[in-house]
Amino acid sequence: MPDAFIETAYFKDLTNRAVLYLQAGYAVHFCGPAGTGKTSLAMHIAELLGRPVVTLQGNDEYKPSDLVGGNSGMRRRKVLDNYVHSVWKAEEAMDSVWYDGRITHACRNGYTLVYDDFTRSKPETNNVLLAVLQEKTLDLSTLQKGETKLSVHPDFSVIFTSNPSEYAGVHILQDALKDRVITIPIRGLDRESEVAIVSGRSGLPWREAARIVDIIRGIRRNSVKKPSIRAAIMVATILATRGFKPVSENPVFLQVLMDVIGSEIFYESDDVSNNQLLERIRTELDKYISEDRK
């Protein structure tokens with residue numbers, strides 16, 4: 001069972017705005033750095049809409065047929081006619097079998113589509129969504145014989161998420177699609193939201209979760225985007241599993257911080273050495289020495 005969504009004032013504001021736009025018939029797009037809760041927020045909002053949810057993960061290898069559907073195999077049909085007792089007639093036909101892709105399935109049935117990291121798919125692949133969002137029709141003419149256009153169910157909704165274009169593997173959002181969605185930037189979580197999420201996900205008391213969050217946020221000031229809230233959740237969860245306390249004199253706490261934060265920072269910058277990271281972490285931990293010795 002997935003973790004319950006932790007709704008702070010920050011997330012409640014985003015939720016209310018998104019639901020308003022979706023109920024008015026517009027698609028919503030959450031764009032922001034990794035680890036800011038975009039996917040969890042999108043799934044939470046999708047559940048609030050009260051319709052079944054179809055999820056799709058962006059992929060550079062996708063073709064339009066991977067989203068819309070296509071023909072898979074053949075179906076054989078044979079009709080035997082014995083209307084005249086002494087005469088048998090047989091008629092055979094072979095037809096291709098169509099299957100609905102996830103977008104078609106959601107459009108046909110009025111489901112909510114959560115298209116996560118959608119700009120990791122090529123722009124030409126995502127072009128199938130242009131008519132869906134503007135004319136409320138899905139063009140099937142190049143993929144299927146017979147049904148050429150599908151009218152989008154009135155209850156169909158779309159929630160997109162994406163990382164900024166400077167992230168590796170992310171395509172620039174084409175203007176035609178950009179004009180058809182309402183983009184809500186998520187630039188970073190406030191401290192209250194981060195502490196609430198870390199405490200809720202790990203099970204640590206609020207005060208202990210707040211200390212981990214403050215240390216992570218302190219290091220993040222020097223690292224632009226990293227370490228993310230995911231690092232704080234990992235550190236808190238590891239400590240909670242063994243009952244360790246996030247205190248300055250606990251060598252296990254220091255080592256966990258080094259390993260978890262290092263695994264994020266070292267991938268982002270080759271300029272940060274182990275010694276530099278250790279110095280940053282110790283600087284943050286030193287702020288709590290007097291408090292821990294009381």
Side-chain angles (χ1 to χ4, degrees), residues 1-19 28-49 53 55 57 114 116-117 159-164 167 183-247 250 252-253 256-265 267-268 280-281 284-285 287-288:
M1 180 179 178
D3 295 324
F5 184 76
I6 298 171
E7 190 173 57
T8 62
Y10 173 78
F11 281 120
K12 190 170 184 61
D13 173 65
L14 293 175
T15 298
N16 290 340
R17 288 155 58 191
V19 170
V28 169
H29 169 212
F30 293 116
C31 180
T36 50
K38 301 183 300 296
T39 303
S40 296
L41 176 61
M43 293 301 296
H44 171 63
I45 293 169
E47 291 173 3
L48 290 179
L49 295 178
V53 180
T55 60
Q57 183 71 39
V114 175
D116 199 25
D117 287 334
I159 306 172
F160 298 102
T161 76
S162 74
N163 293 133
Y167 274 56
T183 297
I184 302 177
I186 301 181
R187 307 195 185 282
L189 301 180
D190 61 292
R191 180 179 181 273
E192 178 196 5
S193 296
E194 289 200 18
V195 176
I197 291 170
V198 171
S199 177
R201 293 285 188 266
S202 67
L204 280 185
W206 181 279
R207 184 175 179 180
E208 294 181 11
R211 175 174 293 195
I212 295 172
V213 166
D214 288 340
I215 291 171
I216 295 292
R217 288 171 70 91
I219 296 170
R220 191 188 301 153
R221 281 194 292 270
N222 299 317
S223 305
V224 186
K225 294 178 291 189
K226 300 290 185 177
S228 69
I229 188 176
R230 290 174 182 163
I233 294 171
M234 291 173 70
V235 171
T237 301
I238 292 168
L239 295 184
T241 299
R242 297 296 299 273
F244 293 132
K245 298 293 184 182
V247 295
N250 183 353
V252 174
F253 180 38
V256 171
L257 287 170
M258 282 288 294
D259 291 338
V260 173
I261 296 173
S263 66
E264 287 201 17
I265 289 181
Y267 279 115
E268 181 169 298
R280 291 183 187 180
I281 292 175
E284 296 301 322
L285 287 174
K287 299 174 182 179
Y288 301 97

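All figures in this text were calculated on a predicted structure; none of them were measured in a lab.
Separating the OG atom in Ser199 from the CZ atom in Arg207 is a distance of 13.5 Å, to the nearest 0.5 Å. To the nearest 0.5 Å, atom OG1 of residue Thr237 and atom CD1 of residue Ile212 are 8.5 Å apart. Rounded to the nearest 0.5 Å, atoms CG (Leu14) and NE2 (His44) are 10.5 Å apart. In this structure, CD1 in Ile238 is found 11.0 Å from CG in Leu204, a value given to the nearest 0.5 Å. Ile197 CD1 to Ile233 CD1: the interatomic distance, rounded to the nearest 0.5 Å, is 6.5 Å. Expressed to the nearest 0.5 Å, how far CZ of Phe5 lies from CG of Leu48 amounts to 9.0 Å.
The nearest pair of heavy atoms linking Val195 to Ala210 is CG2-CA, 3.8 Å. Glu7 and Thr15 make their closest contact through OE2-OG1, 3.6 Å (heavy atoms, listed as atom of the first residue, atom of the second, distance). Contact record, Ala34 with Arg230: CB-NH1, 4.1 Å, taken as the closest heavy-atom pair. Shown here for Leu239 and Pro246, the closest heavy-atom pair between the two residues is CD1-CB, 3.8 Å.
In this structure, Val260 and Pro227 have side chains that are not in contact, with every pair of non-hydrogen atoms separated by 4.5 Å or more. Side-chain contact between Val28 and Arg17 is absent, with no heavy atoms from C-beta onward closer than 4.5 Å. Residues Val114 and Val53 have side chains in contact (heavy-atom distance under 4.5 Å, counting atoms from C-beta outward). Looking only at side-chain heavy atoms (C-beta outward), Val247 and Phe253 stay at 4.5 Å or farther from each other.
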Practice prompt. Determine, step by step, whether Ile186 and Leu41 satisfy the side chain to side chain contact (heavy atoms under 4.5 Å, CB included) criterion, reporting the C-alpha distance in whole Å, the side-chain angles of both residues, the deciding distance to 0.1 Å, and the verdict.
Written response: CA-CA 11 Å; Ile186 301 181; Leu41 176 61; 4.0 Å; yes
Discussion item. Side chain to side chain contact (heavy atoms under 4.5 Å, CB included), that's the test. Do Leu189 and Phe11 meet it? Break it down for me.
Written reply: CA-CA 9 Å; Leu189 301 180; Phe11 281 120; 3.4 Å; yes
Worksheet item: Can you list the steps and then say if Val256 with Phe244 is a side chain to side chain contact (heavy atoms under 4.5 Å, CB included)?
Response: CA-CA 11 Å; Val256 171; Phe244 293 132; over 6 Å; no
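The closest donor-acceptor contact from the side chain of Asn163 to the backbone of Gly32 lies under 3.5 Å. A donor-acceptor pair is defined here as one N or O able to donate and one able to accept, closer than 3.5 Å; such a pair exists between the side chain of Ser202 and the backbone of Val198. In this structure, the side chain of Asn250 engages the main chain of Lys245 through a donor-acceptor pair within 3.5 Å. Checking side-chain atoms of Ser162 against main-chain N and O of Asp117 turns up no donor-acceptor pair under 3.5 Å.
Using the six-membered ring where Trp is involved, Phe160 and His29 have ring planes that are perpendicular, over 60° apart on the 30 and 60° scheme.
In summary, of the residues considered (Lys287, Arg191, Arg220), a salt bridge (charged side-chain N to carboxylate O under 4.0 Å, His left out) with Asp214 occurs for Arg191 alone. Screening Thr8, Ile229, Ile6, Thr36 against Ser193 for a side-chain contact (heavy atoms from CB on, under 4.5 Å) leaves a single residue, Thr8.
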